[in-house]
Asks: 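Sharing a structure with you now.
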Amino acid sequence: MTYDRIPSVDALMALLADCEDVWDTPDRTGDPVDLLDHGLQVAALLAASHPDDEELQVAGLLHDIGHCLVPAGEEGHGRHGAEAVEGLLGPRVARLVAAHIPAKRYLAAADPRLVLSPESARTLGCQGGPMTPAEAAAFEADPDFPAAIALRRADDAGKVVGLAVAPLGTWRPVVERVATGRRRDTRAGVLPDPVPRASAAEAAAQ
């Protein structure tokens, strides 16, 4: 890999700030907002729809940081981001970050009314295309299936040019609470399962 695991909230917030004026494609022909604006829009949508799930909100905020970590790594950007934040924010946040690509594949197969942005439609093919029925059934069995779908719906909606959203700094306390929960669980020896290397989400993202 060409990146390090993110060691602290300070480092994560600095990386997110660096996502301003960084785009999902190096030539800026992709989605119409930069990565920071997109993450802030997705997080705001999830805060409105899932106000009690801060892990999901934080996953939405940073779900595309893989584009910054490995530029032009479209196929693996969910996995790259998940691996970078797992130690700091915990396995569930990492799983949700990784799952935003399989969730797109699931919805492409299951939702005939799905409307993808031109860039998301273009990259669907290199990410595996719509799920097969067997893949979809396995994905539905994931305990975080509803949260993954919620993140993906917000991902598809959070691409509005000029939309006013809360600035990045307002998210720092939320990120700190999620990271503190991770540290508390580590000290207590009570951890969720780590990101499954052969889970439905991971297998679908390959």
Asks: Name all residues meeting the ring-ring contact (aromatic ring centres under 6.0 Å, His included) criterion together with His100; count only those two or more places apart in sequence or in a different chain, and write none if there are none.
Replies: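 ring-ring contact (aromatic ring centres under 6.0 Å, His included) list for His100, sorted by chain: His63, His77.
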Asks: Check whether any side-chain heavy atom of Val160 sits under 4.5 Å from a side-chain heavy atom of Gln41, and report yes or no.
Replies: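 Yes, at least one pair of side-chain atoms sits under 4.5 Å.
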Asks: Do you know the tightest heavy-atom contact between Leu96 and Ala148?
Replies: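 Minimum heavy-atom contact is CD2-N, 3.8 Å.
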Asks: Any link between Val42 and Leu15 through a network of hydrophobic side chains (Ile, Leu, Val, Met, Phe, Trp, Tyr) touching at under 4.5 Å?
Replies: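 The answer is no; the residues belong to distinct hydrophobic clusters.
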Asks: Atom CZ of Arg122 and atom OG of Ser117: how far apart are they, to the nearest 0.5 Å?
Replies: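 Arg122 CZ to Ser117 OG: 10.0 Å, rounded to 0.5 Å.
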Asks: Quick one: does any side-chain atom of Lys104 pair with a main-chain N or O of Ser120 as donor and acceptor, under 3.5 Å?
Replies: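 Indeed, once roles are kept as given, a pair shorter than 3.5 Å links the two residues.
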Asks: Which heavy atom of Pro167 sits nearest to which heavy atom of Thr170, and what is that distance?
Replies: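 Heavy atoms of Pro167 and Thr170 come nearest at O-OG1, 2.7 Å.
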Asks: Got a sec, which residues hit side-chain hydrogen bond (donor to acceptor under 3.5 Å, both in side chains) with Gln57, two or more places apart in sequence or on another chain?
Replies: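 Partners of Gln57 under the side-chain hydrogen bond (donor to acceptor under 3.5 Å, both in side chains) test: none.
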Asks: When rounded to the nearest 0.5 angstrom, what distance separates CG in Leu69 from NE2 in His80?
Replies: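 Spacing of CG (Leu69) from NE2 (His80) equals 8.5 Å.
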Asks: With Glu20, which residues qualify under side-chain hydrogen bond (donor to acceptor under 3.5 Å, both in side chains), at least two apart?
Replies: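 Not a single residue meets the side-chain hydrogen bond (donor to acceptor under 3.5 Å, both in side chains) criterion with Glu20.
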Asks: I need the full list of ring-ring contact (aromatic ring centres under 6.0 Å, His included) pairs touching residues 152-173, with sequence neighbours left out, sorted by first then second residue.
Replies: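 ring-ring contact (aromatic ring centres under 6.0 Å, His included) check on residues 152-173 returns no pairs.
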Asks: Are the side chain of His38 and the backbone of Gly158 linked by a donor-acceptor contact shorter than 3.5 Å?
Replies: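 Between the backbone of Gly158 and the side chain of His38 there is a qualifying donor-acceptor contact (under 3.5 Å).
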Asks: As an exercise, state the distance from CG of Asp64 to CG of Leu16, rounded to the nearest 0.5 Å.
Replies: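 Nearest 0.5 Å value for the CG-CG distance: 11.0 Å.
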Asks: Is there any ring-ring contact (aromatic ring centres under 6.0 Å, His included) pair reaching into residues 104-138, and which pairs are they, with sequence neighbours excluded?
Replies: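 Residue pairs passing ring-ring contact (aromatic ring centres under 6.0 Å, His included), neighbours aside: Tyr106-Phe139, Tyr106-Phe145.
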Asks: Using modelled atom types only, decide if a donor and an acceptor are shared between the side chain of Arg105 and the backbone of Leu124 within a distance under 3.5 Å.
Replies: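 Not at all, since once roles are kept as given, no pair shorter than 3.5 Å links the two residues.
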Asks: Determine the sole option in Arg177, Arg182, Arg92 for which the salt bridge (Lys or Arg N to Asp or Glu O under 4.0 Å) test with Glu54 is passed.
Replies: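 Exactly one option meets the salt bridge (Lys or Arg N to Asp or Glu O under 4.0 Å) with Glu54, and it is Arg177.
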Asks: Could you check if a side-chain atom of Val85 sits within less than 4.5 angstrom of a side-chain atom of Ile65, using non-hydrogen atoms only?
Replies: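 The answer is yes; the side chains approach within 4.5 Å.
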Asks: Kindly give the heavy-atom pair with the smallest separation between Val97 and Gly78, and that separation in Å.
Replies: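 Nearest pair, atom of Val97 first, then Gly78: CG1-O, 3.6 Å.
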Asks: Leu114: which residues meet the side chain to side chain contact (heavy atoms under 4.5 Å, CB included) condition with it, sequence neighbours left out?
Replies: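 Side chain to side chain contact (heavy atoms under 4.5 Å, CB included) list for Leu114, sorted by chain: Leu107, Ala108, Asp111, Leu116, Arg153, Asp156.
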Asks: Considering all heavy atoms of both residues, which atom of Ala150 and which atom of Leu56 are nearest to each other, and what is their separation?
Replies: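 Ala150 and Leu56 have their closest heavy atoms at CB-CD2, 4.4 Å.
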Asks: Quick one, Leu62 and Leu89 - any side-chain contact, counting heavy atoms below 4.5 Å?
Replies: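 Touching, per the 4.5 Å side-chain cut-off.
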Asks: Sequence neighbours excluded, which residues qualify as side chain to side chain contact (heavy atoms under 4.5 Å, CB included) partners of Ser49?
Replies: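 For Ser49, the residues satisfying side chain to side chain contact (heavy atoms under 4.5 Å, CB included) (neighbours in sequence not counted) are Leu46.
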Asks: Show every salt bridge (charged side-chain N to carboxylate O under 4.0 Å, His left out) that has at least one partner inside residues 32-51, sequence neighbours left out.
Replies: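 Checked against salt bridge (charged side-chain N to carboxylate O under 4.0 Å, His left out) - neighbours excluded - no pair reaches residues 32-51.
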Asks: Cluster partners of Val115, using ILVMFWY side-chain heavy atoms under 4.5 angstrom, listed by chain and number?
Replies: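 Its cluster partners, ordered by chain and number, are none at all.
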Asks: The criterion is side-chain hydrogen bond (donor to acceptor under 3.5 Å, both in side chains); which residues satisfy it with Asp10, sequence neighbours excluded?
Replies: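 Testing Asp10 for side-chain hydrogen bond (donor to acceptor under 3.5 Å, both in side chains), a comparison that skips the adjacent residues, returns Arg172.
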Asks: Any link between Leu151 and Leu45 through a network of hydrophobic side chains (Ile, Leu, Val, Met, Phe, Trp, Tyr) touching at under 4.5 Å?
Replies: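 Different hydrophobic clusters.
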Asks: Heavy atoms only: give me the nearest Ala103-Ile149 pair and the separation to one decimal.
Replies: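 For Ala103 and Ile149, the tightest heavy-atom pair comes out as CB-CD1, 4.2 Å.
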Asks: State, to 0.1 Å, how close Ala179 and Val9 come at their nearest heavy-atom pair, and which atoms those are.
Replies: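 What the structure gives for the nearest pair is CB-CG2, 3.8 Å.
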Asks: Please collect all salt bridge (charged side-chain N to carboxylate O under 4.0 Å, His left out) contacts where either partner lies in residues 41-50, sequence neighbours excluded, each pair once.
Replies: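 Sorted result for residues 41-50: empty, none.
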